[in-house]
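By convention in this document, chain letters (A, B, ...) are assigned in the order of the sequence lines, proteins followed by strands, and residues within each chain are numbered from 1. Not measured: the values here are computed from a predicted model.
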Number of protein chains: 2
Amino acid sequence: MRNVLETPEGLAERLAHSGLRPTEQRKVVYGVLLKNRNHPTADEVFAHIRSEMPSAAVSMATVYNCLETLVQCNLVRQVNFERGPTRYCPNLRPHAHFHDEATDTIHDIELPAGLLEQLHSILPPGHQANSVEIIFRGKSGPSS
Amino acid sequence: MRNVLETPEGLAERLAHSGLRPTEQRKVVYGVLLKNRNHPTADEVFAHIRSEMPSAAVSMATVYNCLETLVQCNLVRQVNFERGPTRYCPNLRPHAHFHDEATDTIHDIELPAGLLEQLHSILPPGHQANSVEIIFRGKSGPSS
DNA sequence: AATTATCTTGGAATGATTCTAATCCTCACT
DNA sequence: AGTGAGGATTAGAATCATTCCAAGATAATT
């Protein structure tokens, strides 16, 4: 079941909520992320727009700006692996990431109920975490 | 109980094992990491050497080279937060990191027995992870 | 001592991202 | 329709961490 926010429609509403405009560029960038769920980099989003919808004129600077805006509006999360380029992910539900080193691809791992709570519980007294990030590294078989 | 490798003595042995020399610079850099367990960046290691041991002539390029070498020899781990500069950590035992956003400091969180195994067990079939990284973000109280 | 391999180094190059300052839209109000 | 204000987009410069490079220093081996 996909979150209601993860739709092109949610975008305008969410932007308006921050006093921002649902411009063509923002729609295009968000659309690419929704359709293309392999955690693309800014570069990849840019290339994707260039090749698949050459009519849409979007500059690199704008791709960065739009992605930043989407992150601010909590429509998109950014994920970093090592010092590689930042990747963008429209899956807002808590999840872990699996980085397949063989193919250099990333995909989401759903978390069983209670896992996050359990993780928080390992923190020593006085620690107040507002987010946890879990990254697996390895190889995922052909069955994936 | 500190791992036997986490000593200046372990360095020469471990380097020799890879056919590398225990140079002055490598000893200095490793020494800084051992004494300075707050996950310093390359820049911070460099500054530390400059101020605390001005006699040791070590260039920035060499700091990077030495850190890289130590990582290759499994004497040191590198840790990244967002896209900030890479940080270095001589704690080789599995542990999580807590990033205190108020003070922008990082510290290690020990993992209870079995947690890593449990985390691996949430992976869908066909996934073979060879490492897991856990990063908490938040603030740690004064008691820390 | 000569040869060879390893190390260190300053500075140039790289790559992702951010900044800047100019231009472009869009909308409300005349 | 015309104007003005603020938001949005853009090309290109600037930044920052890191890597690369080519040269010189150091140490080990012959």
Side-chain angles (χ1 to χ4, degrees), chain A residues 11-12 14-32 39-50 53-73 75-88 104 106, chain B residues 11-12 14-32 39-50 53-73 75-88 104 106:
Chain A
L11 173 64
R14 203 50 169 269
L15 285 169
H17 185 269
S18 301
L20 300 172
R21 296 179 193 150
T23 64
E24 206 48 44
Q25 289 87 336
R26 285 170 181 162
K27 286 188 226 168
V28 167
V29 168
Y30 188 49
V32 168
H39 307 77
T41 64
D43 248 356
E44 286 164 356
V45 170
F46 181 66
H48 202 273
I49 295 171
R50 274 287 149 95
M53 37 210 323
S55 58
V58 182
S59 73
M60 193 67 224
T62 298
V63 170
Y64 275 108
N65 287 340
C66 291
L67 289 170
E68 171 68 12
T69 304
L70 296 175
V71 169
Q72 294 305 311
C73 295
L75 283 158
V76 162
R77 290 249 194 84
Q78 42 192 186
V79 199
N80 292 282
F81 298 100
E82 262 91 65
R83 294 206 84 250
T86 298
R87 298 178 167 278
Y88 297 84
D104 195 30
I106 285 119
Chain B
L11 174 63
R14 202 53 168 266
L15 285 170
H17 186 269
S18 301
L20 301 173
R21 297 176 193 155
T23 64
E24 206 48 43
Q25 290 86 336
R26 285 170 182 165
K27 287 188 228 168
V28 167
V29 168
Y30 189 48
V32 168
H39 307 77
T41 64
D43 247 356
E44 285 163 356
V45 170
F46 182 67
H48 202 272
I49 294 173
R50 274 286 149 95
M53 37 210 321
S55 58
V58 182
S59 74
M60 192 68 222
T62 298
V63 169
Y64 274 108
N65 287 340
C66 292
L67 289 170
E68 171 67 12
T69 305
L70 296 175
V71 169
Q72 294 305 311
C73 294
L75 284 158
V76 161
R77 290 250 194 82
Q78 40 192 187
V79 198
N80 293 282
F81 298 100
E82 260 92 67
R83 291 207 88 249
T86 298
R87 298 176 168 279
Y88 296 85
D104 195 30
I106 285 119

* **Rounded interatomic separation in angstrom, taking CD from B:Q25 and C1' from C:dC7** => 8 Å
* Asked: First contact, last contact: which nucleotides of DNA chain D are these for chain A, 5' to 3', heavy-atom distance under 4.0 Å?
  -> D:dG6 to D:dT18
* Asked: Given atom CG of A:L20 and atom C1' of C:dC25, what is their separation to the nearest angstrom?
  -> 15 Å
* Closer than 4.0 Å, any side-chain N/O of B:T23 to the OP1 or OP2 of C:dT8? -> yes
* Asked: Can you name the nearest heavy-atom pair linking B:F46 to B:V58, along with the distance?
  -> CE1-O, 3.2 Å
* Structure fact -> When rounded to whole Å, the CZ to C1' distance for the pair A:F46 and C:dT17 reads 14 Å
* Can a side chain N or O of B:R26 be found less than 4.0 Å away from OP1 or OP2 on C:dC7? -> yes
* **Shortest non-hydrogen contact between B:A42 and B:Y88, atoms and distance** => N-CE1, 4.2 Å
* Any sub-3.5 Å donor-acceptor pair from B:R83's side-chain atoms to A:R83's backbone N or O? -> yes
* To do: Take A:L70 and A:L11 through the test side-chain contact (heavy atoms from CB on, under 4.5 Å) and record every step on the way to the result.
  => CA-CA 9 Å; A:L70 296 175; A:L11 173 64; 3.6 Å; yes
In a table with atom names and distances, give each donor-acceptor pair under 3.5 Å that connects a side chain of residues 15-27 of chain A to protein atoms at least two apart or in another chain.
| unit_1 | atom_1 | unit_2 | atom_2 | d |
| --- | --- | --- | --- | --- |
| A:T23 | OG1 | A:R26 | N | 3.3 |
| A:R26 | NH1 | A:R21 | O | 2.8 |

* Residue list, side-chain contact (heavy atoms from CB on, under 4.5 Å) with B:E82, at least two apart or on another chain -> A:N80, B:R137
* Asked: Rounded to the Å, how far apart are B:L70 CG and C:dT8 P?
  -> 11 Å
* Structure fact -> The answer to which of A:D43 and A:R21 contacts DNA chain C further toward the 5' end, by nearest nucleotide, is A:D43
* Asked: Contact class for A:T41 (heavy atom, under 4.0 Å): base, sugar-phosphate, or nothing?
  -> nothing
* To do: Return the set of residues passing side-chain contact (heavy atoms from CB on, under 4.5 Å) with A:R87 (not counting sequence neighbours), or none when no residue passes.
  => A:H39, A:T41, A:E44, A:F81, A:I106
* Asked: For residues 56-68 of chain A, which residues have at least one heavy atom under 4.0 Å from DNA chain D?
  -> A:A57, A:V58, A:S59, A:A61, A:T62, A:N65
* Do you know which two heavy atoms are closest between A:A56 and A:I49, and how far apart they sit? -> O-CG2, 4.1 Å
* To do: Applying side-chain contact (heavy atoms from CB on, under 4.5 Å), name anything that partners B:S59, two or more places apart in sequence or on another chain.
  => B:A61, B:T62
